[in-house]
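Structure first, then comments.
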Amino acid sequence: MKTQVCIIGAGPAGLLLGHLLRAEGIHCVLLERRTPEYVLGRIRAGVLEQITVSLMARLGLDARLKAEGLPHDGFNLADGERLIRIDIAELTGGKHVVVYGQTELTRDLMDAREERGLEVIYEAENVALHDVEGDAPFVTFTKDGAEQRVDARFIAGCDGFHGPSRKAIPASVGMEYEREYPFGWLGILADVPPCNHELIYANHRRGFALASMRSETRSRYYIDVPLTEKLEDWPDERIWDELAIRLGPEAGSHITRGPSFEKSIAPLRSYVFAPMRHGSLLLCGDAAHIVPPTGAKGLNLAASDVHYASEALVGFFRAQDAGGIAAYSDKALARVWKSERFSWSLTKLMHRFPEDGPFERAMQVAELDYIASSRAAQTSIAENYVGLPV
Ligand code: RFL
Ligand code: PHB
């Protein structure tokens, strides 16, 4: 098989990139290790920045997002009894985020495959990248027991943190920046109305909690737990009890309890791999970087990478201009690092770290006091939360 761009991974990054390239008449093939049902079964992000919304709009695939997405003009930081509202719209000149599940966005992109002629090969096993340094890279994989080969001009590694793309870059040319956190987020989904009309990130003596949602009838909640915790030790009632305490008296008293239909623990990590391009291989999304979910940046960073990568590839194929490809890594990383900083600082502010003592706690209180009383501090948080310019 021959194509212009072989995209590895059909998660949100790969599907978005594929659609953007197809819209410009560039041929691409996507290779995905899982089944479509498995990809759609992963419950992850819920908050979209402007860049993600505008890419869906540019593709003309935003009908459901517009109809069902919930625009949010603000969000809240809770600290015990105190609730600090960050008025995103007022502080950023009318901008907002949109609450719309990653699952739904992925479904919209998947549903449009046929109509837009986007070729995705699911259940592609043993995907391996070859000759990425040169200008004739190729990918091999096994499908239904038979080995196959895709020759391409470029490979886009959109295969998440554990995929093979990043590993195809020799350690001698790459640098890894990493920080692990001593806790994970235990998340649940339940068909109950949210306890508040906006998100609440809470820093409580007993630990972190987040009240989020997918719709007016579906709630998404998280609490942080030590990485040693087991899911079976967290029956729903124990989670609801914990949320009711950690979210503070006001929101806590408005929680509607109900059976959860999804429950999982996700470890928290900050990670960046640089450079994000090596020869003819471009990395996008979680393949190149991970942020802790505090701040809701992961999916949105994948979208901004894809925006830069699609511009670079369109410049190459449509205008014979390789400048965008050469600049891709620096351009993407400049935005990645700012989101890494924001996610890390919000994680530090809102979680109790086991190694922290009274001094670190006093610093959190002082910072929250400062945020509560300073428009400048709130503006900084709001402009980062809503998404920095691309
Ligand atoms: P994905 O979604 O991991 O997709 C990668 C795809 O590549 C496939 N793949 C392979 N394909 C072929 N061969 C191989 N060998 C392969 N290995 C892997 C995988 O099957 C998969 O289909 O990466 P992508 O596309 O870069 O998208 C990134 C986002 O999924 C991720 O950043 C976000 O989910 C992070 N995240 C959040 N981001 C936000 O912007 N806002 C949020 O509110 C938010 N909340 C979250 C989150 C992530 C979470 N978890 C579980 C990690 C909340 C949670 C709990
Ligand atoms: C979610 O709704 O899943 C969500 C919202 C905000 C975050 C992380 C996750 O910061």
Side-chain angles (χ1 to χ4, degrees), residues 6-18 30-36 38-49 51-52 70 72 75 97-103 105-106 109-110 120-129 139-143 156-168 184-189 194 198-201 208 210-215 218-222 262-269 271 283-306 339 342-343 346-347 350 385 387:
C6 180
I7 299 175
I8 304 181
L15 287 166
L16 254 182
L17 180 61
L30 283 85
L31 303 178
E32 166 60 49
R33 183 163 66 116
R34 304 289 190 173
T35 60
Y38 185 96
V39 171
L40 280 178
R42 283 191 295 237
I43 307 297
R44 290 180 167 182
V47 179
L48 308 184
E49 292 177 6
I51 174 66
T52 313
L70 305 172
H72 278 210
F75 71 99
V97 291
V98 179
V99 171
Y100 190 68
Q102 175 169 332
T103 314
L105 182 118
T106 307
L109 293 165
M110 281 171 68
V120 186
I121 300 174
Y122 285 95
E123 297 177 82
E125 291 170 53
N126 307 316
V127 167
L129 296 79
V139 180
T140 53
F141 65 99
T142 321
K143 172 80 184 167
C158 301
D159 46 357
F161 186 66
H162 300 287
S165 295
R166 186 179 67 252
K167 293 168 197 139
W185 277 18
L186 166 57
I188 54 165
L189 264 179
E198 290 177 346
L199 271 64
I200 303 174
Y201 295 82
F208 170 84
L210 168 60
S212 181
M213 65 193 75
R214 290 292 176 272
S215 70
R218 181 167 288 182
S219 300
R220 177 74 164 152
Y221 287 103
Y222 298 93
E262 201 273 345
K263 193 185 286 182
S264 54
I265 299 179
L268 267 63
R269 170 186 283 141
Y271 175 91
L283 301 178
C284 299
D286 281 13
H289 42 73
I290 297 288
V291 286
T294 337
K297 293 288 159 223
L299 170 63
N300 296 299
L301 267 187
S304 62
D305 288 354
V306 158
S339 289
F342 180 66
S343 307
L346 202 57
T347 302
M350 299 310 293
Y385 196 82

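All ligand and atom numbering here is 1-based and tracks the order in the structure.
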Ligand 1: protein N/O within less than 3.5 Å of ligand N/O:
residue, atom, partner, partner atom, Å
ligand 1, 2 (O), Arg44, NH1, 3.1
ligand 1, 3 (O), Arg44, NH1, 3.1
ligand 1, 11 (N), Arg33, N, 3.2
ligand 1, 20 (O), Glu32, OE2, 2.6
ligand 1, 20 (O), Arg42, NH1, 3.4
ligand 1, 22 (O), Glu32, OE1, 2.7
ligand 1, 22 (O), Glu32, OE2, 3.3
ligand 1, 22 (O), Arg42, NH2, 2.6
ligand 1, 25 (O), Pro12, N, 3.4
ligand 1, 25 (O), Ala13, N, 2.9
ligand 1, 26 (O), Asp286, N, 2.9
ligand 1, 30 (O), Arg44, NH1, 3.2
ligand 1, 30 (O), Gln102, NE2, 2.8
ligand 1, 32 (O), Asp286, OD1, 2.7
ligand 1, 32 (O), Asp286, OD2, 3.3
ligand 1, 32 (O), Gly298, O, 3.4
ligand 1, 32 (O), Leu299, N, 3.3
ligand 1, 34 (O), Gln102, OE1, 2.7
ligand 1, 38 (N), Gly298, N, 3.2
ligand 1, 38 (N), Leu299, N, 2.9
ligand 1, 40 (O), Ala296, O, 3.0
ligand 1, 40 (O), Gly298, N, 3.2
ligand 1, 40 (O), Leu299, N, 2.6
ligand 1, 40 (O), Asn300, N, 3.2
ligand 1, 40 (O), Asn300, ND2, 3.2
ligand 1, 41 (N), Ala296, O, 3.2
ligand 1, 43 (O), Gly46, N, 3.1

Are the side chains of Leu210 and Trp185 in touch, meaning some heavy atoms are under 4.5 Å apart? yes
Heavy atoms, side chains only, cut-off 4.5 Å: are Leu199 and Tyr385 in contact? yes
How long is the gap from CD1 on Ile51 to CG on Leu299, to the nearest 0.5 Å? 11.5 Å
Do Arg166 and Phe161 meet the cation-pi criteria used here (NZ or CZ under 6.0 Å from the six-membered ring centre, within 45° of the axis)? yes
Report yes or no: does Asn300 contribute a side-chain atom to a donor-acceptor pair with the main-chain N or O of Val47 at less than 3.5 Å? yes
Counterpart residues, salt bridge (Lys or Arg N to Asp or Glu O under 4.0 Å), relative to Arg218 (two or more places apart): Asp191
If only atom types and distance count, is the side chain of Lys297 paired as donor or acceptor with the main-chain N or O of Pro292 below 3.5 Å? no
Ligand 2: protein residues within heavy-atom distance under 4.0 Å: Arg44, Gly46, Val47, Trp185, Leu199, Tyr201, Leu210, Ser212, Arg214, Arg220, Tyr222, Pro293, Gly295, Ala296
Sorted by chain and number, sequence neighbours left out, side chain to side chain contact (heavy atoms under 4.5 Å, CB included) with Thr140 holds for Ala128, His130, Phe138, Glu147, Arg149
For Glu32, the option from Ile7, Val127, Val39 that meets side chain to side chain contact (heavy atoms under 4.5 Å, CB included): Val39
